[in-house]
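For reference, positions follow the sequence shown, starting with 1.
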Amino acid sequence: RTPMEDLEPAAAVHSEDPLQRAAGDCAVSAAARLMPLAARRRLAHALNMRIARAALGTPAMDGVCDGAAAVLPRVASLLSGASRGDAEAADELARVFTGPLFARYKRDLDRLRRDHVQLELNVHGIGQAQIRQLRTQTGPEAAFAALDGAAQVSSLRAGLTRQSFSYTNILGVTHAAPNQAPSSWSAATQAAVGGRAPVRVRVDVELLVSMRYQLIGRHTAPSKHDRHNGTTKVVVDDDATRNLVLTLESSAVDGSDGGAGFEWRVADIDYLLSSERRVEHELDEARSL
């Protein structure tokens, strides 16, 4: 799985037409494309980190890996509890996850319950944690809420909202500009670096995790395969150490409060949503040919 947003301007879900984009933005985009990939990644990381520190504060960004490591065992516990039908766990999970991620996992958990299968996740330990990729978004919060489905609005209303904005993605910084009041990516990015623009931050934290993953089927009658008093059967039992990517997303910061009062939420796990969106995007492009 790969993140939906990469370092190419074309990766924006709804990029602005180059003919309508500011000349300065075209020059920046062209220059970025000419850079070697490794150099482009270093520049993108430095630029997005500078914007993130200006918006959220240096302590928040210095502690993001520790925060991801701290929340992962809780996420595992909440997913297990929600799988067992624990309403309080499901409610807390809805607060920890972004709306789209919660909806995606809720569908899977509901299907498991209908099939009388229970999910059990246990995190034994977490080794090193590091930032794998960092992205920022500038512009009105409503533009990105409609883009990623976080807003509780109808698909028609979300579509109309998306049509009201032009989205430009250069070096991992996505800028949403209202069509009625266009603004350039360059000017918005400069304002964000100075802490003078609305910003939302997304961080992919890669963790080395030792965890156990089980799917346990429930039975009404004993079976020779049962391991728990003839009532359940372990369908999947995987105990391993592997890399896991947790995507954290900040609430939008308007640039005037110095990052006070923002919160992190889990926006993706192992690029599940990003990969599905990429597939949908590619299918839409194929259908339009």
Side-chain angles (χ1 to χ4, degrees), residues 1-7 11-14 44-45 47-72 74-75 78-79 92-106 129-153 158 161-162 165 167 169 171-176 192 197-207 244-255 257 259-278:
R1 293 171 178 166
T2 56
M4 181 66 192
E5 307 91 344
D6 58 23
L7 303 181
V13 179
H14 174 53
H45 180 83
L47 175 60
N48 282 275
M49 180 61 78
R50 191 170 175 185
I51 292 173
R53 290 184 187 277
L56 307 180
T58 296
M61 294 309 300
D62 287 348
V64 70
C65 290
D66 290 340
V71 78
L72 183 58
R74 185 58 182 159
V75 167
L78 291 174
L79 284 169
E92 186 174 348
L93 197 64
R95 294 190 294 270
V96 173
F97 282 2
T98 58
L101 187 63
F102 177 72
R104 177 63 175 79
Y105 271 94
K106 186 176 184 301
Q130 61 183 358
I131 294 177
R132 179 171 180 174
Q133 189 170 342
L134 176 62
R135 303 173 299 285
T136 52
Q137 300 170 339
T138 68
E141 184 177 3
F144 294 105
L147 193 65
D148 61 20
Q152 299 300 314
V153 296
T161 301
R162 288 193 296 270
F165 292 89
Y167 299 85
N169 180 359
L171 293 171
V173 180
T174 303
H175 173 55
V199 170
R200 189 168 69 172
V201 180
R202 291 172 68 91
V203 187
D204 299 336
V205 179
E206 187 171 16
L207 308 118
L244 181 145
V245 178
L246 202 65
T247 300
L248 301 181
E249 178 182 284
S250 75
S251 51
V253 178
D254 66 11
D257 56 8
F262 86 95
E263 64 177 2
W264 291 110
R265 300 177 77 184
V266 179
D268 212 347
I269 299 176
D270 272 346
Y271 298 129
L272 172 64
L273 289 185
S274 293
S275 293
E276 292 179 346
R277 287 171 182 164
R278 181 178 291 277

Keeping Asp270 on the side-chain end and Val245 on the backbone end, is there a donor-acceptor pair under 3.5 Å?
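Pair found, side chain donor or acceptor close to backbone of Val245.
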### Under 3.5 Å donor-acceptor, Asp268 side chain and Leu273 backbone
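Side chain of Asp268 to backbone of Leu273: a pair is present.
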task: Check the pair Val266, Thr247 against side chain to side chain contact (heavy atoms under 4.5 Å, CB included), reporting the backbone distance first and the verdict last.
output: CA-CA 6 Å; Val266 179; Thr247 300; over 6 Å; no
Practice task
Start with the C-alpha distance between Tyr105 and Leu272, add both sets of side-chain angles, then the distance that settles side chain to side chain contact (heavy atoms under 4.5 Å, CB included), and finish with yes or no.
Solution key: CA-CA 10 Å; Tyr105 271 94; Leu272 172 64; 4.0 Å; yes
Non-hydrogen atoms of [X] and [Y] that approach each other most closely:
X      : Y      : value
Ala192 : Ala54  : O-CB, 3.6 Å
Val71  : Leu246 : CG1-CD2, 3.7 Å
Ala52  : Met61  : CB-SD, 3.7 Å
Tyr167 : Ala143 : OH-O, 2.7 Å
Val75  : Leu93  : O-CD1, 4.5 Å
Ala55  : Val253 : O-CG1, 3.5 Å

Does a side-chain heavy-atom distance below 4.5 Å link [X] with [Y]?
X      : Y      : value
Leu248 : Val64  : yes
Leu56  : Ser250 : yes
Ile131 : His45  : yes
Gln133 : Arg202 : no

Could you measure the distance from the [atom1] atom of [X] to the [atom2] atom of [Y]? Nearest 0.5 Å is fine.
X      : Y      : atom1 : atom2 : result
Asn48  : Arg50  : CG    : CZ    : 12.5 Å
Leu207 : Arg132 : CG    : CZ    : 11.5 Å
Arg278 : Tyr271 : CZ    : OH    : 10.5 Å
Thr136 : Met49  : OG1   : CE    : 11.0 Å

- Task: Decide, yes or no, whether a salt bridge links Arg53 with Asp62 under the criterion of side-chain N to carboxylate O below 4.0 Å.
- Result: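 Yes.
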Salt-bridge contact Glu249-Arg200 (side-chain N to carboxylate O under 4.0 Å):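 Result for this pair is yes, salt bridge flagged.
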Practice problem: Mind checking side-chain contact (heavy atoms from CB on, under 4.5 Å) for Arg265 and listing every partner two or more places apart, or none if nothing turns up? | Solution: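 Per chain and number, Arg265 pairs via side-chain contact (heavy atoms from CB on, under 4.5 Å) with Thr98, Glu263.
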query: When the ring planes of Trp264 and Phe262 are compared, do they come out parallel, tilted or perpendicular, using 30° and 60° as the limits?
result: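 Aromatic pair Trp264/Phe262 classed perpendicular.
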Determine whether Ile51 and Val173 satisfy the following criterion, side chain to side chain contact (heavy atoms under 4.5 Å, CB included), listing intermediate values before the conclusion. CA-CA 9 Å; Ile51 292 173; Val173 180; 3.9 Å; yes
